Amino acid sequence: MKITASRTSLGEISEDVLIVPVFEGETPRDSDNASALAALDHLTRGAIASLFDEGEMTGKLDSSVLLQNVGPFSTKRLLLYGAGKADDIDSVSVRRLSGAAIRAILKHRVIRSAAFLVTRKLESEALAQAIVEGALVGQMSSDLYRAKDESTAEIEALDLISELPEPPDFDRAIKAGSAMGEATNYARGLGFEPSNVMTPTELADRAQKMANGEGLAFEALGEDEMKRLGMGALLAVSRGSTEPARLIVLKYEPDGEQAGASSDLIALVGKGITFDSGGISIKPAARMEEMKYDMCGGAAVIGAMQVIARLRPNVRVIGVVPASENLPSGRAVKPGDVVRSFSGKTIEVVNTDAEGRLILADAITYAINNGATCVVDAATLTGACVVALGETRAAVMGSNQQLIDDLVAAGEQCGERLWQLPLDDAYGDIIKSDIADVKNVGNRTAGSITAGFFLKHFAGTVPWAHLDIAGTAWIENEKPYLVKGATGFGVRLLANFVLNRAKAQDKE
Ligand code: BES
Ligand code: ZN
Ligand code: ZN
């Protein structure tokens with residue numbers, strides 16, 4: 001989707017459709033705050049006013065009316081899209097509005113280009129960015145492998161039309177919004193791929209291609225290297241599979257004159273289990289197919305690195321994605337086995353289905369050994385998190401309250417919301433092992449927290465936080481603004497977190 005901004009007057013729009021957001025209470029007759037509607041009514045010789053008069057358009061959220069061939073327009077269609085209450089305007093609601101409007105016009109398969117009227121209520125740079133993000137994310141479909149007929153819908157061009165004499169900086173909004181939206185879709189695309197395609201090797205190859213295109217340093221350790229280093233936890237998980245594991249590493253360095261200003265190195269670590277059968281502690285068959293999305297933490301990290309490469313914050317960042325399958329076989333790790341992690345700590349593997357924390361343990365140690373001064377991991381880690389928080393919020397926990405607060409704030413900013421869970425020392429007692437330094441599961445209680453506590457053992461004294469995105473990475477039902485399936489949750493959150501950190505540091 002090519003996204004532009006212009007100041008074309010309403011009568012001269014050449015796109016296939018003009019999208020007009022309508023807030024509750026707005027009418028063409030209320031000329032104070034609805035000048036665009038009045039102007040459109042004039043151009044359509046009263047067609048708009050009659051819709052309002054008859055109560056066909058009230059601005060109710062996600063209601064819509066499509067008008068064809070009205071008035072002396074160069075555009076053929078007008079989509080009035082219900083935006084809900086004007087009091088609720090924020091970047092989250094605007095992102096949804098724009099995504100939903102794009103999805104509404106995609107149903108009319110002939111529409112190829114759209115103009116979006118940025119009305120006075122939407123006049124900030126942040127909201128313009130939200131329009132761009134929403135449109136990109138809303139446009140994506142999930143039928144990667146369905147035969148496509150020629151008329152498969154795609155909006156090729158989107159033009160933001162401003163009513164204002166001096167509109168906000170649309171170019172900056174388009175740049176940031178495109179980076180965020182495209183990376184979100186990129187991560188979603190990785191999540192949608194079936195596991196026979198998206199193997200650890202494929203995930204590494206895709207990350208390499210992205211890194212080469214965006215100017216990030218790339219490296220992927222293979223199993224020989226992992227053995228040499230002593231990554232016994234990651235290797236234990238991959239043992240059961242014939243697909244070799246990879247440790248994907250992406251590095252971002254700020255540009256020339258910015259570089260070296262700080263010794264900070266932010267590590268983003270993402271769980272990349274390309275299929276989680278549970279291993280010897282095998283999962284039930286029902287919905288096991290969904291476990292192809294167990295690499296969405298890794299995808300979020302790779303996507304966030306893409307945003308970072310494009311928007312170039314002034315801080316060093318390393319992305320680390322341990323990628324592996326988790327399968328049962330004659331070679332697979334078994335319940336009761338003890339493995340030695342990269343950190344030197346020994347782990348009793350009581351349940352092979354708690355594999356994410358094993359691969360993350362070694363990846364966190366890798367990040368710290370490489371100089372990370374702060375570690376944030378993202379993982380579809382526990383079913384308990386899905387039960388506790390559902391699809392709406394991800395869990396956050398960690399060793400440093402400032403880091404957690406910064407992540408929560410970044411999440412609020414972009415609508416990828418978090419909820420903090422505690423990590424009192426008492427939870428650590430649940431995962432004490434009789435035979436090793438720690439065991440990989442506890443009892444039935446506090447499943448998300450004990451998983452987090454396990455990771456804490458490997459973060460040591462480095463400020464660390466963990467995001468459990470098991471519930472938010474994948475949605476069961478479509479939304480007006482989003483298809484069902486992979487959401488890309490974490491891409492914008494992690495990218496915003498890094499951008500905010502860099503900005504705060506520049507101010508110091
Ligand atoms: N990948 C799963 C967690 C998961 C479950 C993600 C549902 C998304 C949806 C993870 O590896 C897992 O299997 N966790 C176990 C841990 C248990 C054995 C302590 C779980 O949550 O059941
Ligand atoms: Zn598992
Ligand atoms: Zn898993």
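Here the structure is a predicted model, which means the values were calculated and not measured. Both counts, for ligands and for their atoms, begin at 1 and track the order of listing.
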Note to self: If we set the cut-off at 4.0 Å for heavy atoms, which region of R287 has an atom near ligand 1: side chain, backbone, both, or neither?
What the structure shows: neither
Checklist line | Options G383, C385, G297, ranked by nearest heavy atom to atom 22 (O) of ligand 1, top entry | finding: G383
Next item on the list: Please check if any side-chain donor atom of T184 sits under 3.5 Å from a side-chain acceptor atom of E133, or the reverse.
Entry: no
Check: What part of L381 sits under 4.0 Å from ligand 1 if we count only heavy atoms: the side chain, the backbone, both or neither?
Finding: backbone
Checklist line | Heavy-atom check, side chain of L358 versus side chain of F454, under 4.5 Å | finding: yes
Item checked: Flag side-chain contact, heavy atom, 4.5 Å: E219 against E225 -> no
Note to self: Testing the 3.5 Å rule here: is there a donor-acceptor pair between the side chains of Q420 and Q401?
What the structure shows: yes
Notebook entry, point to check: For atom 19 (C) of ligand 1, what is the nearest protein heavy atom, given as residue, atom name and distance?
Noted result: V441 CG1, 3.4 Å
Next item on the list: Test R103 against every option in V137, D62, V483 by the side chain to side chain contact (heavy atoms under 4.5 Å, CB included) rule and name the one that passes.
Entry: V483
Note to self: For the Zn ion (ligand 2), what is the number of protein N, O or S atoms at a distance under 2.8 Å?
What the structure shows: 4
Check: In ligand 1, which numbered atoms sit nearer than 4.0 Å to a non-hydrogen atom of T380?
Finding: 1 (N), 2 (C), 3 (C), 6 (C)
Note to self: Test of understanding: given a 4.0 Å heavy-atom threshold, classify the contact between E290 and ligand 1 as side chain, backbone, both, or neither.
What the structure shows: neither
Checklist line | R310 and E214 ion-paired at < 4.0 Å | finding: yes
Next item on the list: Report the relative orientation of the aromatic rings in W464 and H466; use parallel for angles under 30°, tilted for 30 to 60°, perpendicular for over 60°.
Entry: parallel
Margin query: Does this structure show an ion pair linking D88 with K85, if we count only N-O contacts that are shorter than 4.0 Å?
Written below: no
Next item on the list: Look at ligand 1 and say whether Y293 reaches it with a heavy atom at a distance under 4.0 Å.
Entry: yes
Next item on the list: Identify the protein heavy atom lying closest to atom 7 (C) of ligand 1, giving its residue, its atom name and the separation to 0.1 Å.
Entry: M291 CE, 3.8 Å
Margin query: Pairing donors with acceptors under 3.5 angstrom, does anything connect the side chains of E416 and N496?
Written below: no
Notebook entry, point to check: For atom 2 (C) of ligand 1, what is the nearest protein heavy atom, given as residue, atom name and distance?
Noted result: D276 OD2, 3.5 Å
Next item on the list: Report, in ascending order of atom number, the atoms of ligand 1 lying under 4.0 Å from any heavy atom of A470.
Entry: 6 (C), 8 (C)
Next item on the list: Give the atoms of ligand 1, by number and element, whose distance to some non-hydrogen atom of E355 is under 4.0 Å.
Entry: 11 (O)
Next item on the list: Could you tell me whether some N/O pair between D353 and ligand 1 is separated by less than 3.5 angstrom?
Entry: yes
Note to self: Looking only at distances, can you tell me whether any N or O atom of R357, backbone or side chain, sits closer than 3.5 Å to an N or O atom of ligand 1?
What the structure shows: no
Next item on the list: May I ask you to test the R206-M198 pair for a side-chain heavy-atom distance under 4.5 Å?
Entry: yes
Check: Should L203 and I302 count as side-chain neighbours, where that means a heavy-atom distance under 4.5 Å?
Finding: yes
Note to self: Other residues, nucleotides and ligands only: do more than 12 of their heavy atoms fall within 6.0 Å of NZ on K175?
What the structure shows: no
Item checked: side chain to side chain contact (heavy atoms under 4.5 Å, CB included) partner of V315, the single match among L265, I308, V498, L499 -> V498
Item checked: atom 18 (C) of ligand 1 [closest protein heavy-atom partner, distance rounded to 0.1 Å] -> N351 ND2, 3.4 Å
Next item on the list: Look only at interatomic distance and state if D294 has a nitrogen or oxygen under 3.5 Å from any nitrogen or oxygen of ligand 1.
Entry: yes
Note to self: Assess the residue pair K271 and D294 against the criterion (salt bridge (charged side-chain N to carboxylate O under 4.0 Å, His left out)); give the C-alpha distance rounded to whole Å, side-chain angles, the decisive distance to 0.1 Å, and a yes or no.
What the structure shows: CA-CA 7 Å; K271 172 177 174 181; D294 213 14; 3.1 Å; yes
Next item on the list: Answer side chain, backbone, both or neither: which part of K271 comes under 4.0 Å from ligand 1, heavy atoms only.
Entry: side chain
Margin query: Using a 4.0 Å cutoff against the non-hydrogen atoms of T382, which atoms of ligand 1 qualify?
Written below: 3 (C), 21 (O)
